[in-house]
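Note sheet for the following structure.
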Amino acid sequence: MFLGHFGLGLWSSFPLTVSAEAVVFGVGLTIYLKTTRALDRTGNRALWSLIGFLVVIWLASIAGPPPPSERAVEWGGLAIWIFVPWGYWIDRHRAMVAA
């Protein structure tokens, strides 16, 4: 059986794809905000700056043109690694909320 027949078929519809991405991001953000709290001002501001940055990148990827070359894709892939220390820094300034 061909594996391409499984799934919801969201990738064949641009509006459904964008909606699904927004819902997954929103649900993940909601869960994170409900299960953590900021320990200090950095824990709040750094998180919201990351969220704002991610939303701007996401909107640019939707509205912008495709990458001009393979080299641009390579650099974009390497640039994603900045999110690892950024997320670690944010998480060090946040704490789990007691259940």
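When all heavy atoms of A38 and G43 are compared, the closest pair comes out as CB-C, 3.9 Å.
Qualifying side-chain hydrogen bond (donor to acceptor under 3.5 Å, both in side chains) partners for W75, counting only residues two or more places apart in sequence or in other chains: none. When the side-chain hydrogen bond (donor to acceptor under 3.5 Å, both in side chains) test is applied to R41, no partner is found at least two apart in sequence or on another chain. A search for side-chain hydrogen bond (donor to acceptor under 3.5 Å, both in side chains) contacts involving W48 returns N44, not counting sequence neighbours.
Under the 4.5 Å side-chain criterion, counting only non-hydrogen atoms from C-beta, L33 is in contact with R94.
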Acceptor/donor pairs from residues 77-88 side chains to any protein atom, 3.5 angstrom cut, sequence neighbours excluded:
none

Give every donor-acceptor pair under 3.5 Å between a side-chain atom in residues 7-32 and any protein atom, sequence neighbours left out.
{"from": "S12", "atom 1": "OG", "to": "G9", "atom 2": "O", "distance (Å)": "2.7"}
{"from": "S13", "atom 1": "OG", "to": "L16", "atom 2": "N", "distance (Å)": "3.4"}
{"from": "T17", "atom 1": "OG1", "to": "L10", "atom 2": "O", "distance (Å)": "2.6"}
{"from": "T17", "atom 1": "OG1", "to": "S13", "atom 2": "O", "distance (Å)": "2.9"}
{"from": "S19", "atom 1": "OG", "to": "P15", "atom 2": "O", "distance (Å)": "2.8"}
{"from": "E21", "atom 1": "OE1", "to": "W58", "atom 2": "NE1", "distance (Å)": "2.7"}
{"from": "T30", "atom 1": "OG1", "to": "G26", "atom 2": "O", "distance (Å)": "2.8"}
{"from": "Y32", "atom 1": "OH", "to": "D91", "atom 2": "OD1", "distance (Å)": "3.2"}

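Annotation for L39: hydrophobic cluster partners, listed by chain and number, are none (ILVMFWY side-chain heavy atoms under 4.5 Å, direct or chained).
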